[in-house]
Amino acid sequence: MAAGLGTGYGEWMAALGASPESWRLLAGTALLGALIVAMLTAFSSSRKQLPGPCGWPLIGCQRQLYGPRSHVHIAEWARKHGPVFQVPVLGCSIVVAADAESVARTCGAAPASSVSPP
């Protein structure tokens, strides 16, 4: 059998000169570093963001947007943030146009008969 083939995992690690614990520590540190970089990149976006509520971590404003009083929350957000704003929901941003004029500007000059309420 060729040298190095058929050896166990521990023998392979010993051949590299490191214990399994040190490799686990290195892998965990690399994973933690990648997670920190991903979070910093996500939170420090250079593009201009629309105004809007912050929401809870991970779920955003899902409870307010999909609850029984969602129309009240949207009206409050429109008064606070303006007629066009974004709402975070489950890691995504939903853009809300809260009045007819901003809908017309956003969607174009579609006739009113082609737009139906939700």
Q: Drop me the distance from H71's NE2 to E76's CD, to the nearest 0.5 angstrom.
A: 10.0 Å
(Q) The test is side chain to side chain contact (heavy atoms under 4.5 Å, CB included); show your working for W77 and V72 and say whether it passes. (A) CA-CA 9 Å; W77 293 333; V72 174; over 6 Å; no
Q | T29 side-chain N/O to L25 backbone N/O, donor-acceptor pair under 3.5 Å | A | yes
(Q) Which heavy atom of C54 sits nearest to which heavy atom of C61, and what is that distance? (A) C-SG, 4.4 Å
Q: Under the side-chain contact (heavy atoms from CB on, under 4.5 Å) rule, collect the residues that match up with L90, sequence neighbours excluded.
A: I59, Q62
Q | For S102, all residues meeting side-chain contact (heavy atoms from CB on, under 4.5 Å), sequence neighbours excluded | A | P83, V84, A97, D99, R105
**Q.** Non-hydrogen side-chain atoms of V96 and F85 separated by less than 4.5 Å
**A.** yes
Q: Taking all non-hydrogen atoms of both residues into account, name the closest pair between Q64 and H73 and its distance.
A: O-CD2, 3.5 Å
Q. What pairs with Q86 under side chain to side chain donor-acceptor pair (under 3.5 Å), at least two apart in sequence or on another chain?
A. Q49
